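Within every chain, numbering begins at 1; the chains are lettered A, B, ... in the order of the sequence lines, protein sequences first and strands thereafter. Note that this is a predicted model, so its numbers are computed, not measured.
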Amino acid sequence: MNAAPSSVVTRFAPSPTGFLHIGGARTALFNWLFARHHGGKFRLRIEDTDRKRSTQEAIDAILDGMRWLGLDWDDDVVFQFSRAEHHAELARRLLADGKAYRCYASPEELEEMRALARAEGRPMRYDGRWRDRDPAEAPPGVDPVIRLKMPQAGETEIEDLVQGPVTVANDQLDDMVLLRADGTPTYMLSVVVDDHDMGVTHVIRGDDHLTNAFRQTQLYRALGWEPPAFAHIPLIHGADGAKLSKRHGALGVEAYRDMGYLPAALRNYLLRLGWGHGDDEIISTEQAIGWFDLDGVGKSPARFDFVKLDNLNGVYMRETDTAVLLDAVRPIIEAKMERKLSTAAAARLERGMEGLRARAKNLVELAENAMFYVIDRPLPLNAKAEKILKDEARQRLGRLQAALSVIEEWSEPALESAVRAFVESEGCKLGDAAQPLRAALSGSNTSPGIFEVMDILGREECLARIADQACTA
RNA sequence: GACCCCUUCGUCUAGUGGCCUAGGACAUCGCCCUUUCACGGCGAAAACACGGGUUCGAGUCCCGUAGGGGUCGCCA
């Protein structure tokens, strides 16, 4: 299980109590990038020691989210719970070595301790009452927890790769629980042992773990191990600067997928949240791997901005192959229609993709904008189209229908010159013909270029759609 | 409350003592392109939290204040 000490090993270690949320996704991305940049390993560990809250659905959601984001991991996924016996064993070893002790304080006692500390304005810590007490004084019938004997004087310093040197006085750190009364290991013990056993060299995680790093450093030392390098990245905040909540976008990555975002765009966005490389904004994954480093990570929390994500996603939409887009958008369309696309409709969709993708900022919007290519007549008109199709416009459409029906070659240039000639003869502006045409053909006031639309729809369908709206009286 | 951390345009950021008259991007506003909507082009407005030092010189270093965040579980 040990990796060569010289090469970089990072890990992402979510607890499967919910989906892979956006903050976790960024943490995973940074770990992945750092490992790939150094040609090291990126490993995945599921911290499922909380049996009451861990679920298989959450595990699946996290794995799916990682795959969707394109963050592949090395080696097998480690399930922390499966290693519990090993963790417990190390706690007992610490006990035998005199580096840990049994504590018989009841939950009620601890609560009193906290209440008292709060009342006196002191930090709320366990007072170490069983640290040096004779085990013979143990109350009968109480299962003890095992606590680590933390140093009581001096200070602990960590050289954080993002935060810089951070020091805390050891009297701020209480004797943490290693093994619960029921004999199961706590998170603090499990992370340290697993990170060590997995050969993790760099622990890159959220800022909320910074204070844990001090206690974990002491545990490493008690165990006789060298602590890994730490990098605590700032948390992501909501648009209003407050902690990210669901309302702010603290959603699972699958929610972003369902909203029509492209994984490459989300990756780019997340990368730029708290990390920068000069003036670069659009950064490919290859470039990100080449450029990523920890000292480019900022120290202050960043706010999540959907508007910028939308813009970035639009950029990626325009750069993505139409074939890829087609595959992604087709199921969305078929779900909307509740049936499969006919061959003819699929062909139109394919041809229309180029013009469509430039106008959509996400896949959902792309699907919506593409609907007119695949639905059957008569087309429903939206309010704007309805407004365009006044009597005058409908009559003009009737005359245009006649002009178009005799056209020899149904191609973009031929269509354009035919419409322009028609406009000439009508003595109106191009828009006076193009907009009614657009409304009749797409059922909306916006669409890709009208001649492109006509070409893709084909003569028969166009003429029929125009006839549906035209007034020949 | 205690401890730790943070603070450049509305937002993400560049900036590591003189290159800063503080740069880029998104958003906003104007103009151009244009059959619509996007895209694109050009331009505008917009920030060093505040107060003290240090220095010939500070956005960059130090101290304080204010504001924000994180942590204080037999959760992870």
Side-chain angles (χ1 to χ4, degrees), chain A residues 13-17 47-50 52-54 80 103 105-107 110-111 114 117-126 143-147 160 163-164 166-169 171-174 176-182 184-188 190-191 206-212 214 232 234-235 237 239 241-243 269 272-282 295 298-305 307-312 314-315 318 355-361 369 384 388 416 419-420 423 429-439 442 444-451:
Chain A
S15 59
T17 53
E47 308 213 316
D48 55 350
T49 54
D50 185 339
K52 287 185 279 285
R53 295 198 300 150
S54 298
Q80 195 160 58
C103 166
S106 66
L110 293 173
E111 192 34 59
R114 276 190 280 272
R118 203 173 303 132
E120 292 176 3
R122 288 185 290 107
M124 303 165 219
R125 283 181 261 104
Y126 169 69
D143 291 324
V145 299
I146 293 180
R147 287 181 185 270
D160 194 279
Q163 307 291 338
V166 188
T167 306
V168 75
D171 62 13
Q172 295 294 319
L173 275 16
D174 63 0
M176 62 182 166
V177 174
L178 262 20
L179 219 53
R180 301 185 185 97
D182 65 3
T184 59
T186 61
Y187 161 79
M188 285 291 177
S190 298
V191 227
D207 217 356
D208 50 340
H209 286 285
L210 182 61
T211 51
N212 288 339
F214 297 105
H232 290 91
L235 268 14
H237 285 180
K243 191 177 177 176
Y269 179 71
R272 285 285 291 101
L273 215 48
W275 180 86
H277 183 268
D279 286 341
D280 296 301
E281 296 288 345
I282 309 299
D295 44 78
K299 289 185 175 187
S300 54
R303 301 183 186 201
F304 192 88
D305 181 11
V307 181
K308 186 147 182 174
L309 207 211
D310 282 344
N311 171 272
L312 209 46
V315 171
R318 278 171 246 127
L356 252 14
R357 72 167 176 180
R359 295 169 166 76
K361 58 181 192 296
N369 296 346
K384 297 276 182 56
I388 290 167
E416 174 156 8
V419 173
R420 286 193 186 275
V423 164
K429 287 185 290 188
L430 184 54
D432 295 331
Q435 281 304 85
L437 210 41
R438 188 187 315 282
S442 73
S444 153
N445 59 318
T446 66
S447 80
I450 196 64
F451 304 116

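- Between B:G24 and B:A46, the distance separating the two P atoms is 14 Å to the nearest Å.
- For A:Thr17, the side chain to side chain contact (heavy atoms under 4.5 Å, CB included) criterion is met by A:Ser15, A:Arg53, not counting sequence neighbours.
- Here B:A44 sits opposite B:U28 as a Watson-Crick or G-U wobble pair (both hydrogen-bonding atom distances under 3.5 Å).
- Judged by Watson-Crick or G-U wobble contacts below 3.5 Å, the nucleotide B:C3 has B:G70 as its partner.
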Discussion item. Working note: A:Gln163 + A:Asp207, criterion side-chain contact (heavy atoms from CB on, under 4.5 Å); need CA distance, chi angles, decisive distance, verdict.
Written reply: CA-CA 9 Å; A:Gln163 307 291 338; A:Asp207 217 356; 3.5 Å; yes

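- Comparing B:C5, B:A38, B:A76 by their closest approach to the side chain of A:Val166 singles out B:C5.
- No donor-acceptor distance shorter than 3.5 angstrom exists from the side chain of A:Tyr269 to the backbone of A:Phe304, with no hydrogens or angles considered.
- Regarding A:Leu312, its CG atom lies at a distance of 14 Å from the C1' atom of B:U13, rounded to whole Å.
- In this entry the distance linking CG of A:Asp174 with C1' of B:C4 reads 16 Å, nearest Å.
- To the nearest whole angstrom, the two P atoms, one in B:G59 and one in B:G68, are 26 Å apart.
- Atom C1' of nucleotide B:U13 and atom CH2 of A:Trp275 are separated by 12 Å, given to the nearest angstrom.
- Spacing of C1' atoms, B:A25 relative to B:C9, comes out at 12 Å, to the nearest Å.
- Looking at residues two or more places apart in sequence or on another chain, you find a side-chain hydrogen bond (donor to acceptor under 3.5 Å, both in side chains) between A:Asn212 and A:His209.
- Across every strand in view, B:C20 sits unpaired, with no contact that passes the Watson-Crick or G-U test at under 3.5 angstrom.
- Between A:Thr49 and the phosphate of B:A76, there is a side-chain N or O to OP1/OP2 separation shorter than 4.0 Å.
- Remark: A:Asp182 engages A:Thr184 in a side-chain hydrogen bond (donor to acceptor under 3.5 Å, both in side chains) (not counting sequence neighbours).
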Worksheet item: Quick one: what's the B/S/- string for nucleotides 45-50 of chain B, heavy-atom cutoff under 4.0 Å, read 5' to 3'?
Response: ------

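- Pairing of B:G64, defined by two Watson-Crick or G-U wobble distances under 3.5 Å, is identified with B:C50.
- Looking at which nucleotide of RNA chain B each of A:Leu110 and A:Tyr269 is closest to, the 5′-most match is held by A:Tyr269.
- Pairing for B:A38 is absent, with no Watson-Crick or G-U wobble pair whose two atom distances lie under 3.5 Å.
- Protein atom CG of A:Leu356 is 11 Å distant from nucleotide atom C1' of B:C37, rounded to whole Å.
- Here A:Asp310 lies out of heavy-atom contact (under 4.0 Å) with every strand.
- Scanning for side chain to side chain contact (heavy atoms under 4.5 Å, CB included) contacts around A:Glu416 gives A:Arg420, A:Phe451, with sequence neighbours left out.
- When the C1' atom is compared between B:U65 and B:U7, the two are found 13 Å apart, to the nearest whole Å.
- Rounding to whole angstrom units, CG of residue A:Asn212 and P of B:C4 are separated by 16 Å.
- In this structure, A:Ala302 reaches the sugar-phosphate backbone alone: every heavy-atom distance under 4.0 Å involves primed, P, OP1 or OP2 atoms, never a base.
- Across B:A45 and B:C26, the matching C1' atoms stand 15 Å from one another, rounded to whole Å.
- The distance from atom CG of A:Leu430 to atom P of B:C37 is 14 Å, rounded to the nearest whole Å.
- Taking atom C1' in both B:C39 and B:C32, one finds a spacing of 14 Å when rounded to whole Å.
- Residues A:Leu312 and A:Ile282 have side chains in contact (heavy-atom distance under 4.5 Å, counting atoms from C-beta outward).
- Across all strands, A:Arg420 comes closer than 4.0 Å only to sugar-phosphate atoms, never to a base (heavy-atom distances).
- Expressed to the nearest 0.5 Å, how far NE2 of A:His232 lies from CG of A:Leu210 amounts to 5.5 Å.
- The listed nucleotides are B:G40, B:A76, B:C6; the one nearest the side chain of A:Glu47 is B:A76.
- Partners of A:Arg357 according to the side-chain hydrogen bond (donor to acceptor under 3.5 Å, both in side chains) rule, which considers only residues two or more places apart in sequence or in another chain, are A:Glu354.
- Distances shown here put a side-chain N or O of A:Arg147 below 4.0 Å from the OP1 or OP2 atom of B:C74.
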Worksheet entry | Intermediate values then yes/no, side-chain contact (heavy atoms from CB on, under 4.5 Å), A:Val315 and A:Arg318 | CA-CA 5 Å; A:Val315 171; A:Arg318 278 171 246 127; 4.1 Å; yes

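- Side-chain N/O atoms of A:Arg359 and base N/O atoms of B:C37 include a donor-acceptor pair closer than 3.5 Å.
- Across all strands shown, A:Gly314 has no heavy atoms under 4.0 Å from either base or sugar-phosphate atoms.
- Nearer the 5' end of RNA chain B, as judged by each residue's closest nucleotide, is the contact made by A:Thr446, out of A:Ser106 and A:Thr446.
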Response to the item:
A correct 5'-to-3' footprint of nucleotides 21-27 of chain B, with B, S and - meaning base, sugar-phosphate only and no protein heavy atom under 4.0 Å, is --BBBSS

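- Of the possible polar contacts, one joining the A:Asp48 side chain to the A:Gln80 backbone as a donor-acceptor pair under 3.5 Å is found.
- Within 4.0 Å of A:Ser444, counting heavy atoms only, lies no atom of the nucleic acid at all.
- Between B:U8 and B:C4, the distance separating the two C1' atoms is 24 Å to the nearest Å.
- Residue contacts for A:Ser15: at a heavy-atom cut-off of 4.0 Å it reaches the sugar-phosphate backbone alone, with no base atom in range.
- Between A:Leu173 atom CG and B:A2 atom C1' there is a gap of 13 Å when expressed in whole angstrom units.
- Nucleotides B:A14 and B:G41 place their C1' atoms 24 Å apart, quoted to the nearest Å.
- A:Thr211 meets the side chain to side chain contact (heavy atoms under 4.5 Å, CB included) test with no other residue; sequence neighbours excluded.
- Every residue two or more places apart in sequence or in another chain that forms a side chain to side chain contact (heavy atoms under 4.5 Å, CB included) with A:Asp432 is listed here: A:Arg396, A:Cys428, A:Lys429.
- A:Ser442 is linked by a side-chain hydrogen bond (donor to acceptor under 3.5 Å, both in side chains) to nothing, counting only residues two or more places apart in sequence or in another chain.
- Taking A:Phe214 as the reference, nothing meets the ring pair (Phe, Tyr, Trp, His ring centres under 6.0 Å) condition, with sequence neighbours excluded.
- Between the NZ atom of A:Lys299 and the P atom of B:U16 there is a distance of 16 Å, given to the nearest Å.
- Base pairing of B:A14: no nucleotide in any strand meets the Watson-Crick or G-U wobble criterion (both distances under 3.5 Å).
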Fill in: Letter per nucleotide, 5' to 3', of nucleotides 62-70 of chain B [B base touched, S only sugar-phosphate touched, - untouched; heavy atoms, 4.0 Å]
-------SS

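- When Watson-Crick and G-U wobble pairs are counted only if both distances are under 3.5 Å, B:C33 pairs with no nucleotide at all.
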